[in-house]
Amino acid sequence: MREIIIAGNWKMNGTVAETEKLLKELLAGKSKKRGVTVVVCPSFTSLHAAHKILKGSHIALGAQDMSAHQKGAFTSEVSASMLLTVGARYVILGHSEKRQYHAETDELVNAKTRLAFASGLTPIVCVGETLDQRESGQTNDVVGTQINGTLAGFTGEQLEKAVIAYEPVWAIGTGKTATPEMAQEVHKFIRDRVGQVDREAAHSLPILYGGSVKADNAEGLLKQPDIDGALVGGASLKADDFIAIINAA
Ligand code: PGA
């Protein structure tokens, strides 16, 4: 059985106080504690406070990005070791908003992923096509290129420690979700692609779906054989909604 992961990507939302409030609501809520790995990814500035609240709980902490460099003169960047000191265990890499607004390439995401593996952080590597790309029949080409590029050069042993998130760009924050069948097709494609490198890693690899996941569509998506969880943006900012998604898993 593959690990099921429900991860909340809080993006640029929440002061420290707001983050603390949301975490307390999540901990107080009745969410499944067995069989599902729950991860929340607040902003960098809230990680330390979040760690203090989550320590010893069933909710793990992740960051939304990190530097491709270990340390030094990289103004504004945050390193893997800095994330580890504030309790992060996961890191989202190559999110489409980073690709779109910060011109992140597969090569850069590959370098960051390499560093995540080396430092013991679990990378959640994001891939996904735009609406134009889907409508012109390029989904597999685009996603295949992203998978090949971001995961280039990794061994099966490393890939076994990765998490992939398939997030069609047209579904992020738009209220439009891929149908369970559409998502399943791409998830299967991704698993097969990773299987060309290492069959065992492909078999155990959690592939999360992201893009307007809500309490009412989570179950249908999560029922698909190759959908092993969700990366949730908007709906993870409300405790009740996020808990409902966790409980649907
Ligand atoms: P959304 O965001 O759930 O608000 O669409 C998902 C994401 O960007 O990870």
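Start at 1 and go down the list; that is how both ligands and their atoms are numbered.
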Between [Y] and [X], do the side chains contain a donor N or O and an acceptor N or O under 3.5 Å apart?
| X | Y | result |
| --- | --- | --- |
| E167 | H95 | yes |
| Q146 | D106 | no |
| Q138 | S136 | yes |

Taking the side chain as every heavy atom from C-beta outward, state whether [X] and [Y] have any pair of such atoms under 4.5 Å apart.
| X | Y | value |
| --- | --- | --- |
| I172 | S96 | yes |
| L221 | T177 | yes |
| E200 | E160 | yes |

Fill in: All pairs passing ring-ring contact (aromatic ring centres under 6.0 Å, His included) where residues 127-170 contributes a residue, at least two apart
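Sorted result for residues 127-170: F117-F154, Y166-H187.
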Protein contact of [atom] - nearest heavy atom, named by residue and atom, plus distance:
| atom | value |
| --- | --- |
| atom 3 (O) of ligand 1 | G233 N, 2.8 Å |
| atom 4 (O) of ligand 1 | G234 N, 2.8 Å |
| atom 9 (O) of ligand 1 | E167 OE2, 2.7 Å |

Close-contact set for ligand 1 against [X] heavy atoms, below 4.0 Å:
| X | result |
| --- | --- |
| H95 | 7 (C), 8 (O), 9 (O) |
| G173 | 1 (P), 4 (O), 5 (O) |
| A171 | 5 (O) |

Assess [X] for proximity to ligand 1: is some non-hydrogen atom of it under 4.0 Å away?
| X | value |
| --- | --- |
| S212 | yes |
| G210 | no |
| A165 | no |

Worksheet item: Heavy atom under 4.0 Å from ligand 1: found in S236's side chain, backbone, both, or neither?
Response: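 Contact part for S236 vs ligand 1: neither.
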Worksheet entry | ligand 1 contact on I172 by region, counting heavy-atom pairs under 4.0 Å |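 It is both parts that get close, each with some atom under 4.0 Å.
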Practice prompt. In sequence, state the C-alpha distance, the side-chain angles, and the governing distance for I92 and L231, and then conclude on side-chain contact (heavy atoms from CB on, under 4.5 Å).
Written response: CA-CA 10 Å; I92 298 171; L231 181 56; 4.1 Å; yes
Worksheet item: If you measure every N/O of K11 against every N/O of ligand 1, is any gap under 3.5 Å?
Response: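 Yes, K11 has an N/O under 3.5 Å of an N/O on ligand 1.
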Practice prompt. Could you tell me whether some N/O pair between G211 and ligand 1 is separated by less than 3.5 angstrom?
Written response: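 So ligand 1 has no N or O lying under 3.5 Å from an N or O of G211.
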Item to complete: In sequence, state the C-alpha distance, the side-chain angles, and the governing distance for E20 and T15, and then conclude on side-chain contact (heavy atoms from CB on, under 4.5 Å).
Response: CA-CA 9 Å; E20 287 172 338; T15 59; over 6 Å; no
